[in-house]
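Here the structure comes first, spelled out in structure tokens, and everything after it is commentary.
Every number for a ligand or one of its atoms is a count from 1 in the order of the listing. Bear in mind the structure is a predicted one, so any value in this text is a computation, not a measurement.
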Amino acid sequence: MRAYYFDDLPGDQRLPHDSGKIVSDETLDSIGVLHWHIPVNEADGHQAVDLVAKERNYKNRDIIVITKESLGDEYETKIKNFYKEHMHEDEEIRYIVEGSGFFDVREHATESWIRCHMSAGDLMVLPAGIYHRFSLDEKNRVRTMRLFKDEPKWIAYNRGSETDENPYRLDYLKTLAVH
Ligand SMILES: CSCCC(=O)/C(O)=C/O
Ligand SMILES: [Fe+2]
């Protein structure tokens, strides 16, 4: 996974928007973003992922394929919604099985976007309450395992005055204060 500051220039969201300023693992860690690289092994049923899932108590999972073909009529809406700045009340845990894409995470202290380019084998955990968004890249295809602590669900709260007061958002901000 390569992480860098987004260049904030206008243009297609699928382009790299790479400012050339690399973001270190320490910085990602300080905003609660964790990541691992676990080579994809579908033949053994992703046993290495099972180990992380067991250790971190991720009980459920599903697979989402984001392509025009797989999503059909829902494609444009999904792509638009994933790219709206939002938060969840649960961790967002994603393992890229095939293809690639961008997870942009908001660095609270600077309000900058950090762009994380993820490809096959990258596993990322975003903490509950962090503002973020997702885009496909120019390859227009990703197959991702979504892992969940509890029931598989996807509820996104778009950033606004209400999310600024959301208890999960406030708890997230408290974790930043200790760094
Ligand atoms: C690549 S997984 C689909 C995007 C998603 O679930 C999400 O919440 C993006 O922020
Ligand atoms: Fe999300």
*Looking only at distances, please establish whether an N/O atom of ligand 1 is found under 3.5 Å from an N/O atom of Thr144.*
no

_For the CD1 atom of Ile79 and the CG atom of Asn140, what is their distance to the nearest 0.5 Å?_
7.5 Å

*asked:* Which atom name would you report as the N, O or S atom of Glu92 nearest the Fe ion (ligand 2)?
replied: OE1

*Angle subtended at the Fe ion (ligand 2) by NE2 of His88 and NE2 of His132, to 10 degrees?*
100°

*When Ile, Leu, Val, Met, Phe, Trp and Tyr are grouped by side-chain heavy atoms lying under 4.5 Å apart, directly or through other members, which residues fall in the same group as Tyr157?*
Met87, Tyr131, Ile155, Tyr168

*asked:* Between Lys153 and Asp90, does any side-chain N to carboxylate O distance fall below 4.0 Å?
replied: yes

*Enumerate the atoms of ligand 1 whose separation from the nearest heavy atom of His88 is less than 4.0 angstrom.*
8 (O)

*What protein heavy atom sits nearest atom 9 (C) of ligand 1, and how far off is it?*
Glu92 OE2, 3.1 Å

*Could you check atom 2 (S) of ligand 1 against the protein and tell me its nearest heavy-atom contact, residue, atom and distance included?*
Arg94 NE, 3.4 Å

*Would one find an N or O of Trp154, backbone or side chain, under 3.5 Å from an N or O of ligand 1?*
yes

*Under 4.0 Å from a heavy atom of His86: give me the atoms of ligand 1 that qualify, with their elements.*
8 (O), 9 (C), 10 (O)

_In this structure, would Val49 and Trp36 fall into the same cluster of hydrophobic residues linked by side-chain contacts under 4.5 Å?_
yes

*Cation-pi between Arg115 and Phe102: NZ/CZ under 6.0 Å from ring centre and within 45° of the ring axis?*
yes

_For Ile66, atoms of ligand 1 separated by under 4.0 Å from a heavy atom_ = 1 (C), 3 (C)

*Output all residues satisfying side-chain contact (heavy atoms from CB on, under 4.5 Å) with Glu42, sequence neighbours left out; order by chain, then residue number.*
Val40, His46, Val97, Arg143

*Determine, using ring centers only, whether Trp154 and His86 are less than 6.0 Å apart.*
yes

